[in-house]
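Okay, so here's the structure we're looking at.
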Amino acid sequence: QVQLVASGGGLAQPGGSLRLSCASSGSSFVINAMGWYRQPPGKPRELVARITSGGATTYADSVKGRFTISRDNAKNTVYLQMNSLEPEDSAVYFCSADYFHSTRLVFSSWGQGTQVTVSS
């Protein structure tokens, strides 16, 4: 069974840092892109950052220069280093992974979510 397990959320003060991680297991397919989404209370889920298997990255404008996404392909794990946190970053963060067979997407999976709260 495919699983994405996210961890690392918690409480931080404005200007602080947190590091999220998410590991995929149980799939025999190649993972292409992995990413992080977040959903603040009462708002739609939005893309935070994503990274391809080759290391190309994409960031939301709101987090550029503050967040860094990275991955360890051997461990099927994606990370999100969050620096200079702001209260607006408070949300449930979800990781995602796209599973490929050759060049075709087979399915996408989502993690369970981890809460990030930024407050003084």
Side-chain angles (χ1 to χ4, degrees):
Q1 184 177 9
V2 175
Q3 292 185 339
L4 285 172
V5 180
S7 62
L11 177 65
Q13 294 186 334
S17 298
L18 288 172
R19 183 176 175 86
L20 308 182
S21 63
C22 179
S24 173
S25 64
S27 176
S28 61
F29 297 102
V30 173
I31 300 177
N32 192 271
M34 302 185 77
W36 290 94
Y37 292 74
R38 67 186 182 187
Q39 187 168 24
K43 296 183 178 180
R45 190 174 300 182
E46 64 180 357
L47 173 69
V48 178
R50 64 187 284 113
I51 183 170
T52 69
S53 60
T57 58
T58 301
Y59 294 94
D61 289 341
S62 59
V63 306
K64 288 181 179 177
R66 300 188 299 117
F67 291 9
T68 302
I69 189 171
S70 61
R71 65 189 290 171
D72 185 333
N73 290 337
K75 297 180 179 180
N76 290 327
T77 300
V78 63
Y79 306 92
L80 186 68
Q81 179 66 46
M82 303 184 294
N83 298 326
S84 302
L85 285 165
E86 304 170 352
E88 292 74 19
D89 296 318
S90 297
V92 178
Y93 283 70
F94 301 88
C95 64
S96 67
D98 296 333
Y99 298 86
F100 275 70
H101 175 69
S102 186
T103 60
R104 296 185 177 184
L105 175 68
V106 180
F107 62 91
S108 297
S109 185
W110 295 86
Q112 84 283 5
T114 183
Q115 178 70 51
V116 172
T117 302
V118 184
S119 176
S120 60

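This is a predicted model, so every value here is computed, not measured.
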Output the distance between atom NE2 (His101) and atom OG (Ser28), rounded to the nearest 0.5 Å. 9.5 Å
Within a strict 4.5 Å, meaning less than it, do heavy atoms of the Leu18 and Asp89 side chains meet? no
The criterion is salt bridge (Lys or Arg N to Asp or Glu O under 4.0 Å); which residues satisfy it with Glu88, sequence neighbours excluded? none
Same cluster or not: Met34 versus Val5, using hydrophobic residues (I, L, V, M, F, W, Y) connected whenever any side-chain heavy atoms lie under 4.5 Å apart? no
Kindly give the heavy-atom pair with the smallest separation between Val2 and Ser27, and that separation in Å. CG2-CB, 3.6 Å
State, yes or no, whether a side-chain contact exists between Met82 and Arg66 at a heavy-atom distance under 4.5 Å. no
For residues 55-88, pull every pair meeting disulfide (SG to SG under 2.5 Å), keeping only residues two or more places apart or in separate chains. none
Could you tell me whether a side-chain N or O of Gln39 sits under 3.5 Å from a main-chain N or O of Ala91, the two making a donor and an acceptor? no
Set out, in order, the CA-CA distance, both residues' side-chain angles and the distance that settles side-chain contact (heavy atoms from CB on, under 4.5 Å) for Phe67 and Leu85, then state yes or no. CA-CA 9 Å; Phe67 291 9; Leu85 285 165; 3.9 Å; yes
Are Val92 and Tyr37 joined in one hydrophobic group, where the rule is that I, L, V, M, F, W and Y side chains link up if heavy atoms are under 4.5 Å apart? yes
Does any donor atom in the side chain of Thr117 or Ser90 lie under 3.5 Å from an acceptor atom in the other side chain? no
Quick note, ring-ring contact (aromatic ring centres under 6.0 Å, His included) partners involving residues 15-34, not counting sequence neighbours, are Phe29-Phe107
Sequence neighbours left out, what passes salt bridge (Lys or Arg N to Asp or Glu O under 4.0 Å) with Arg50? Give chain and number order. Asp98
Check whether any side-chain heavy atom of Ser17 lies under 4.5 Å from a side-chain heavy atom of Gln81, and answer yes or no. yes
For the residue pair Ala60 and Leu47, what are the closest heavy atoms and their distance? CB-O, 3.4 Å
Identified side chain to side chain contact (heavy atoms under 4.5 Å, CB included) partner of Ser24 from the options Val78, Ile31, Thr77: Ile31
Contacts of Lys64 meeting salt bridge (Lys or Arg N to Asp or Glu O under 4.0 Å) (sequence neighbours excluded), chain-then-number -> Asp61
Do you know the tightest heavy-atom contact between Tyr99 and Ser109? CE1-CB, 3.5 Å
Keeping the roles fixed (side chain from Arg71, backbone from Gly54), state whether a donor-acceptor pair exists under 3.5 Å. no
Measure the spacing between CH2 of Trp36 and CG of Leu20 and express it to the nearest 0.5 Å. 4.5 Å
Out of curiosity, does Phe94 fall in the hydrophobic cluster containing Val63 (side-chain heavy atoms, cut-off under 4.5 Å, transitive links)? no
Could you tell me if the side chain of Tyr79 sits less than 4.5 Å from the side chain of Thr68, heavy atoms only? no
Does some side-chain heavy atom of Leu80 sit less than 4.5 Å from a side-chain heavy atom of Arg38? no
With sequence neighbours excluded, tell me which residues meet side-chain contact (heavy atoms from CB on, under 4.5 Å) with Thr57. Ile51, Tyr59, Ile69
